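Written out below as structure tokens is the structure these notes cover.
Per chain, numbering begins at 1; letters A, B, ... match sequence-line order. Below, all heavy atoms of this structure are taken into account, side chains as well, without hydrogens, waters or symmetry copies. Just so you know, these numbers come straight off a predicted model, no measurement behind them.
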Protein chains: 2
Amino acid sequence: MGEKVTIATVARHAQVSRQTVSNVLNAPHIVREDTRRRVREAIAALGYRANQAARQMRTGRSRLIAVRIEPTRDGINGSVLDRFLHGLTETADATGYRVMLYTARHDDDEISTYDDLLGAYDLDAFVLTGTKHRDPRTAWLAEREVPFVTFGRPWDTPEAHPWVDVDGAAGTAQATRHLLAAGHRRIAFLGWPAGSGVGDDRRAGWRTTMAEVGLDGAAPDRATEDGIAEGEREARALLALDAPPTALVCASDSLALGAWQAARDAGTDVAVVGFDDTPVAAAVGLSSVSQPLGEAAARCVELLTGLLDGQQRDPQLLLDPSLVLRHSA
Amino acid sequence: MGEKVTIATVARHAQVSRQTVSNVLNAPHIVREDTRRRVREAIAALGYRANQAARQMRTGRSRLIAVRIEPTRDGINGSVLDRFLHGLTETADATGYRVMLYTARHDDDEISTYDDLLGAYDLDAFVLTGTKHRDPRTAWLAEREVPFVTFGRPWDTPEAHPWVDVDGAAGTAQATRHLLAAGHRRIAFLGWPAGSGVGDDRRAGWRTTMAEVGLDGAAPDRATEDGIAEGEREARALLALDAPPTALVCASDSLALGAWQAARDAGTDVAVVGFDDTPVAAAVGLSSVSQPLGEAAARCVELLTGLLDGQQRDPQLLLDPSLVLRHSA
DNA sequence: CATCGGCATTGGATCGTTCAAGGCGGCGAG
DNA sequence: CTCGCCGCCTTGAACGATCCAATGCCGATG
């Protein structure tokens, strides 16, 4: 491998000045047609690649996007992040951006990490996953005017920031409609305790759909922490009712899996639909609401590049999930 | 937030020159005690952080490690990469490095991505996951003297490069010993077709353990592509034998899950052990061989930083997996 | 008392890129 | 004919860090 190819090498080779080469790269329209061509040929011939560090030093922009990788919680939902990350990386690549990972144990920790990253690497933007009520991170970033997108709606703060989310209510509504169409009438919901934005949203989709057909009275609704064992326990309780449900819409695949196992053990034929279409669901044949993670990731990058280029687009985006049917419903 | 804090700001504040500040950061021992303290105080007071781009331009080192994130194949094994990635990010953070992601569709594509990344970002090192027979990527990197570590042994090329791997044979051996201790004698292996390094390794652990106790004659060994359906099919075939196995050691959780389902459907009580301890295994209660992914990641970073600092350590590392027992065995 | 040597510190040059300002030739208008 | 303008290109400077060579300071030594 020869010596380094810089913009000066290209300039010499194409018989122009450094700046002209730079212009061909960053503002092609101000360079005359044939000069541009000559420079492009030189770039190709020499295999020149702009040095990001130098560019960054001058412009203050790094073409780097930071994403937090979370400590794979119960593992079952970890794959959601995994798929999202992959989509993010792919779309970012295509736009000339790169994805940098960071971890953080707590939220405070996360905010101090922002500071580190911004100070040392001049990151262009952040992608946050899993927004919560009263999220301190979005406030911190907004205050410092750091561009960011969240994958997940802000659940209480009406202050607008760009976000992409999947319409959980639409997902559970779709699942509920499917079960209704299959003839079910006593359709229960198995979800999380009220108070989490995501959980309440998913419950709402089921509830309104049931209300639309006038069946909300007969519809049991149970709440518990997430987990397979929890799902199993609650499902058992539901099946022991006088008029047990014939179908269950669940807020997660963990709950759904537990419920599915409880139903099988009880020998009852109960339809179960989970949420997130995790590998576990696919593995055991559980029907599940699938989030368009690849598209969500792509939209996040789109929003960010839009922000960074100064274009002001509509910064909120709600995507529709789809129902993946397997033999559990 | 005030104006940018550079090394010059710190120097003025601490009443020394730029170079002295730089020395405090990069070669503290050559600076007099109290000067050093004064500089450190100024750094803390001003919240100074070295600008990586500027540092990189001068030194040519970016403190960036690139890792490929693969297109979540069947999803069931995706979580392995996910956990590995998390460990990698965490350990790298602690050492002052950052993890950058990249994707690639094919191997050729991957090599051209190396070129891009090296040219544009001056990456310090690469971490490759999943080495294959005759891997062109390691050759390319070695030829250009780019530091890299693979998570996975080189399976045929005797050329040495640093790697970290988990001893798959030890894992299946442990699983087999456990089954033997539980009284099983007809222990079958359900794995992949011969030729893949990882698969052959896992099979070998089972085979030698069976041979040690003189039971290799009575031990059925089946090979198929990875997958739940495949595992189910092969397990059915095994259970239909004249003297069906009472226990199964599997090369993956996918196969194990299929086998486990087949056994349950057949009403037979067969012990099953999977491999990788994926969330799916945890979810359905499948015993599985667990790879120490966090440690593997940490070792990868250790090897890399060792390489980058010019220390020549033993660059090969084989870690022992552990057996996670659940109710399937 | 002058010179030397060791060591902390200093100023200048440098990495590769983009920004700001300026040069140059041609063209239309006064 | 000359001026100003415009399009296209070139030159010098700057981003913030590190490396290199040179300086100042100190006590020790001849």
Side-chain angles (χ1 to χ4, degrees), chain A residues 2-40 42-43 46-64 96 118-124 308-309, chain B residues 2-40 42-43 46-64 96 116 118-124 308:
Chain A
E3 60 285 352
K4 242 171 290 185
V5 178
T6 76
I7 210 171
T9 321
V10 177
R12 262 198 310 279
H13 195 270
Q15 314 263 36
V16 294
S17 70
R18 294 178 325 239
Q19 183 62 21
T20 301
V21 178
S22 174
N23 285 336
V24 169
L25 295 171
N26 304 310
H29 57 279
I30 69 167
V31 179
R32 199 174 46 198
E33 168 86 35
D34 67 329
T35 312
R36 203 186 327 165
R37 197 178 33 75
R38 215 167 64 240
V39 171
R40 290 232 165 92
I43 288 176
L46 296 166
Y48 165 78
R49 278 168 231 283
N51 180 315
Q52 283 299 326
R55 167 175 290 176
Q56 171 183 348
M57 183 151 61
R58 194 68 182 107
T59 62
R61 291 182 48 175
S62 58
R63 302 194 80 81
L64 240 43
L118 288 170
Y121 290 93
D122 284 328
L123 291 178
D124 283 354
L308 293 170
D309 296 345
Chain B
E3 60 285 353
K4 246 171 285 184
V5 178
T6 77
I7 208 171
T9 322
V10 177
R12 262 198 312 278
H13 195 269
Q15 314 263 35
V16 293
S17 70
R18 297 178 322 235
Q19 178 64 9
T20 302
V21 178
S22 175
N23 284 336
V24 170
L25 294 173
N26 303 312
H29 58 280
I30 68 166
V31 179
R32 198 172 47 198
E33 169 85 35
D34 69 328
T35 311
R36 203 186 328 166
R37 197 178 34 74
R38 215 168 63 241
V39 171
R40 290 234 165 91
I43 287 177
L46 296 167
Y48 165 78
R49 279 169 230 282
N51 180 316
Q52 284 298 328
R55 167 175 291 174
Q56 171 183 348
M57 185 151 55
R58 194 73 184 104
T59 62
R61 291 182 47 174
S62 58
R63 302 195 79 81
L64 240 42
D116 281 356
L118 288 170
Y121 290 93
D122 286 327
L123 292 178
D124 284 354
L308 293 171

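Scanning for side-chain hydrogen bond (donor to acceptor under 3.5 Å, both in side chains) contacts around B:Arg61 gives B:Tyr97, with sequence neighbours left out. With sequence neighbours excluded, the residues that form a side-chain hydrogen bond (donor to acceptor under 3.5 Å, both in side chains) with A:Ser22 are A:Asn26. Residues that satisfy the salt bridge (charged side-chain N to carboxylate O under 4.0 Å, His left out) test with A:Arg12, not counting sequence neighbours, are absent from this structure. For B:Ala50, the side chain to side chain contact (heavy atoms under 4.5 Å, CB included) criterion is met by B:Tyr48, B:Arg55, not counting sequence neighbours. Under the rule for a salt bridge (charged side-chain N to carboxylate O under 4.0 Å, His left out), A:Arg58 has no partner lying at least two apart in sequence or in another chain. Residues satisfying the side chain to side chain contact (heavy atoms under 4.5 Å, CB included) criterion with B:Arg36, sequence neighbours excluded, are B:Val24, B:Pro28, B:Val31, B:Glu33, B:Arg40. The side chain to side chain contact (heavy atoms under 4.5 Å, CB included) check on A:Ala54 picks up A:Asn51, B:Met57, with sequence neighbours excluded.
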Q: Take B:Asp116 and B:Tyr121 through the test side-chain contact (heavy atoms from CB on, under 4.5 Å) and record every step on the way to the result.
A: CA-CA 8 Å; B:Asp116 281 356; B:Tyr121 290 93; over 6 Å; no
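Note on the helix from C:dC1-D:dG30 to C:dG30-D:dC1: angle between the axes of the first and last five pairs equals 80°, rounded to 10 degrees.
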Identify each donor-acceptor pair in which a side-chain atom of residues 14-21 of chain A lies under 3.5 Å from a protein atom, sequence neighbours left out, and give them as a table.
unit_1: A:Ser17; atom_1: OG; unit_2: A:Thr20; atom_2: N; d: 3.4
unit_1: A:Ser17; atom_1: OG; unit_2: A:Thr20; atom_2: OG1; d: 3.2
unit_1: A:Gln19; atom_1: NE2; unit_2: A:Asn23; atom_2: OD1; d: 3.3

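In this structure, the separation between CG on B:Leu123 and CZ on B:Arg63 is 13.5 Å, given to the nearest 0.5 Å.
Put simply, B:Thr35 has a side-chain N or O that comes within less than 4.0 Å of OP1 or OP2 on C:dT9.
For DNA chain D, the span of nucleotides reached by chain B at under 4.0 Å from its heavy atoms goes, 5' to 3', from D:dG16 to D:dC20.
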Q) Base, backbone or nothing for each nucleotide of nucleotides 13-26 of chain C, written B, S, -, heavy atoms under 4.0 angstrom, 5' to 3'? A) BBBBBBBB------
